[in-house]
There are 2 protein chains.
Amino acid sequence: MPRPVIAAVGASRLGRTALPGRDLFSVAVDEAFEGLPAPAELVGALYAGNQSERYENQIMHGTLLAEWAGLRYVPAERVEGCAAAGALALRHAVTDVRNGEHDAVLACGVEKMTAGGTDVATASLAAAFDRAIEQRSGVTAPSQYALLARRYLHETEATERDLARIAVKNHRNAARNPRAQFGETIDVDTVLESQPVAPPLKLFDCAPVTDGAAVVLVTSAETAAELGVPAVDLAGTGAAANNIAVAERDMTHIEGARIAAERAYAEAGVTAADIDIAEVHDAFTVSEALLSEAAGFAPVGTGYQSHRPPAERDDGWTDVALSTSGGLKARGHPVGATGLLQAVEAYEQLTGVAGERPGDPPEGAPSSPETALLLNEGGVADAVTVAHVLTAAPEVGR
Amino acid sequence: MPRPVIAAVGASRLGRTALPGRDLFSVAVDEAFEGLPAPAELVGALYAGNQSERYENQIMHGTLLAEWAGLRYVPAERVEGCAAAGALALRHAVTDVRNGEHDAVLACGVEKMTAGGTDVATASLAAAFDRAIEQRSGVTAPSQYALLARRYLHETEATERDLARIAVKNHRNAARNPRAQFGETIDVDTVLESQPVAPPLKLFDCAPVTDGAAVVLVTSAETAAELGVPAVDLAGTGAAANNIAVAERDMTHIEGARIAAERAYAEAGVTAADIDIAEVHDAFTVSEALLSEAAGFAPVGTGYQSHRPPAERDDGWTDVALSTSGGLKARGHPVGATGLLQAVEAYEQLTGVAGERPGDPPEGAPSSPETALLLNEGGVADAVTVAHVLTAAPEVGR
């Protein structure tokens, strides 16, 4: 059974841009293949994560991105699970390589969210909710997550100030990440005094609207060694869909994410305690708290301490560093590309490339992390969750 | 390596209906699982083919359909390649089972095309075209296929009357298919005198707008035998994406379809001459002509003879019977479900279930077909093509 690794990554700059999605994708491909043979000489299949056809009136991203990567006659398709689309693409690359279907697969994600304005983005994301019992009530993503936040603040000792500290920490990490949408640090008052969106969530509790693209080249370890590139093992993958409507789920115990993470841990032969860094799906600050618990990093009710250095967290917490990239909150959240941006961050941290970033290492991050967890979600919380465990593979490649 | 088979199929009635997509899907699931254990006792993963979020303002069909099939915490996702979405879902089911990822996978497709009216369907399908060099010209699906038809009539001896005969044949087949949208036969004049849509294509050269859903349960042969159901081998699968814009391709030699078919033949260890029945993607009458050539059934320039009984075709043609279901043209074309409806037809023909249909066997069809080819396309012609070869497996199951 071939051993799937990440052999190369690339991403566009994140934020508002004049470039259409296909050109954002070209930027990402160019970065990933710098110094490598052309994509057509390596890649056997392509998966494209994309959330919505509304932004650019475009479907068929499998075919479109394959053409723009210089590929022809390869199997290529779009996969979609709202914001989990990127990790779904990565997951197919992992299973195709480990099952010998292809020796190299390109996992791609792109979203051009600013193309239609904020109203289009809001309406487009609402299409992820149950049409009958949610959409007809006029709910939006922030209002759905506000229900989770309200309940979380009721059930735990967490305060709005604690959630704000998660945003502060993620902006601090983003300020060190040259790919990030936001480059400036903020303080707790910035969050608490920002515009209410859906109480208790304020503007700075929410991930932004972002244009961006990312690609991850997955190959067998053998091929990565031949290419002489730094490689990271894709040691485990897991996925789980929960019911689509929030009303049909437990709002503060994200069971689908727990199950997806457990599946990835089991495949990789690790436990939550082994994870050094994690990118969790912090679409809203409360998400990072909830997912820290679902991933097994934090005892129930203490996930909001994710912003603290390990020594200052409650007993039972692991030493994991969360959202070293700045997370969805501050790195940016181009929906269909987000799952792959998580993988880009983990690749750069585990290969040491991230160590060349200016400034100090991100808050709480070990100097040489060896194991990473990625949790990418679609819909509100765990309507679908895709988990990956990545481990350093210094003996592969250069 | 487990041997993937189709163990059960189901489909809704096709045509215009008051039911929303999720209820059309429920009808299909109920049919497929009649007499079987509940889906949750068998199914390890779900793939959902769906073309457009516009019809029902709904994305996340993986999660939605999993919930409506009674599944929870399984991996579930939407796959999309415009009208090839259904076969992309089937393809993942095949590879997941043969690679041991899951023992049973549910491939699903649904489209509620009448929800927004014909203008919405027309605009929605145009999103499959290249935004820059096609959409800005205002082209529609019929106008794109009219280019192919015009060129085909120029390059070959085919006439508009020949294309009309393909529609006549497919309506005749549909009249025997209880699932079909159209139950009445037509004659050549019906086609030739019908409303011009995009010359040389007239209304009866075009597949209709259809609501519908279909599901295909793929399991290992071992599990199908334990269930005691009639089974059909999924002997080969192939896929290929061509460039997205028609202007960047050869309009009358559908190379992507040829390659996809060759890949499926190679996996199955068969050639075009072995195929007894084929469902090709006859979105327009000219498509059946072009795909008959791409599949290797017909010498170049003679594909338009697909409506003739085998003895009356030119030398070099095989004995294949095309579109025994009535095809997209007359069975109906609920976009994201079409690839699975092709599989439903092949399953019923190869297991003998179709033999219980009222009336004579479809034109040119052998009384006991053993091998079938399915060609499902997305975008104009081969922007993406997915091919499957199915073979009878009378020794499996009952």
Side-chain angles (χ1 to χ4, degrees), chain A residues 20 22 45-46 50-54 56-64 66-67 71-82 84-85 88 91-92 95-96 98-101 123-124 126-132 135 238-245 248 255-256 259 378-379 383-384 386, chain B residues 20 22 45-46 50-54 56-64 66-67 71-82 84-85 88 91-92 95-96 98-101 123-124 126-132 135 238-245 248 255-256 259 378-379 383-384 386:
Chain A
R22 62 174 73 180
L46 179 147
N50 179 260
Q51 176 234 331
S52 181
E53 70 198 64
R54 296 186 202 213
E56 297 187 288
N57 199 49
Q58 187 75 63
I59 57 174
M60 294 279 291
H61 277 85
T63 292
L64 181 70
E67 180 177 350
L71 305 172
R72 201 168 184 183
Y73 305 129
V74 303
E77 69 189 72
R78 172 186 173 209
V79 291
E80 186 265 309
C82 196
L88 288 169
R91 186 171 150 79
H92 281 299
T95 55
D96 274 5
R98 79 179 175 194
N99 292 319
E101 295 280 345
S124 155
F129 309 150
D130 184 292
R131 178 165 164 78
Q135 290 188 35
N242 202 338
N243 292 334
I244 193 165
E248 297 173 341
E255 184 64 10
I259 291 171
V384 69
V386 182
Chain B
R22 63 174 73 181
L46 179 146
N50 179 260
Q51 176 234 331
S52 180
E53 69 199 66
R54 293 185 206 214
E56 296 187 287
N57 200 50
Q58 186 75 64
I59 58 174
M60 293 280 291
H61 277 85
T63 292
L64 181 70
E67 180 177 348
L71 305 172
R72 199 168 185 182
Y73 305 129
V74 303
E77 69 189 73
R78 172 186 173 209
V79 291
E80 187 266 308
C82 196
L88 288 169
R91 187 171 150 79
H92 281 301
T95 55
D96 274 5
R98 79 179 176 195
N99 291 320
E101 295 280 347
S124 154
F129 309 149
D130 185 292
R131 179 166 164 76
Q135 290 188 35
N242 203 338
N243 292 335
I244 194 165
E248 297 173 342
E255 182 66 7
I259 291 171
V384 68
V386 182

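Each chain gets a letter, A, B and so on, in the order its sequence line appears, and its residues count up from 1. Just the heavy atoms: all of them, side chains too, but no hydrogens, waters or symmetry mates, feed the values below.
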Could you tell me which portion of [X] (side chain, backbone, both or neither) has an atom closer than 4.5 angstrom to a non-hydrogen atom of chain A?
X	value
B:Glu101	side chain
B:Gln135	side chain
B:Asp130	both

[atom1] of [X] to [atom2] of [Y]: how many Å apart, nearest 0.5 Å?
X	Y	atom1	atom2	result
A:Arg131	B:Asn57	CZ	CG	6.5 Å
B:Leu64	A:Ile244	CG	CD1	5.0 Å
A:Met60	B:Gln51	CE	CD	10.0 Å
B:Arg54	A:Arg54	CZ	CZ	8.0 Å
A:Asn242	B:Leu71	CG	CG	12.0 Å

With respect to chain A, which residue among [options] yields the maximal number of heavy-atom pairs within a distance under 4.5 Å?
options	value
B:Ala383, B:Ala76, B:Ala84	B:Ala383
B:Leu46, B:Asn243, B:Val79	B:Asn243
B:Gly256, B:Ala128, B:Gly238	B:Ala128
B:Glu56, B:Arg98, B:Glu80, B:His61	B:Glu80

Heavy-atom distances under 4.5 Å only: say whether [X] touches chain B with side chain, backbone, both or neither.
X	answer
A:Val74	backbone
A:Gln58	both
A:Ala85	neither

Kindly indicate, with the supporting measurements, whether the criterion side chain to side chain contact (heavy atoms under 4.5 Å, CB included) is fulfilled by A:Arg72 and B:Glu248. CA-CA 12 Å; A:Arg72 201 168 184 183; B:Glu248 297 173 342; 5.7 Å; no
I need the minimum non-hydrogen distance between A:Thr63 and B:Val384, along with the two atoms involved.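 That closest heavy-atom pairing would be OG1-CB, 3.6 Å.
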How far apart are the closest heavy atoms of A:Glu53 and B:Ser52, and which atoms are they?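 Reported closest heavy-atom pair: OE2-OG, 2.8 Å.
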Under a 4.5 Å cutoff for heavy-atom pairs, which residue among A:Ala241, A:Ala239, A:Ala240 has the most contacts with chain B? A:Ala241
With chain B, which of A:Leu88, A:Asn50, A:Asn99 has the greatest number of heavy-atom pairs at distances under 4.5 Å?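 Greatest number of close heavy-atom pairs with chain B: A:Asn99.
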Holding to salt bridge (Lys or Arg N to Asp or Glu O under 4.0 Å), I want the full list of residues that pass it with B:Glu255, two or more places apart in sequence or in another chain. B:Arg258
Please list, chain by chain and in numerical order, all residues satisfying salt bridge (Lys or Arg N to Asp or Glu O under 4.0 Å) with A:Asp96, sequence neighbours excluded.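 Once residues adjacent in sequence are excluded, A:Asp96 has no partner under the salt bridge (Lys or Arg N to Asp or Glu O under 4.0 Å) criterion.
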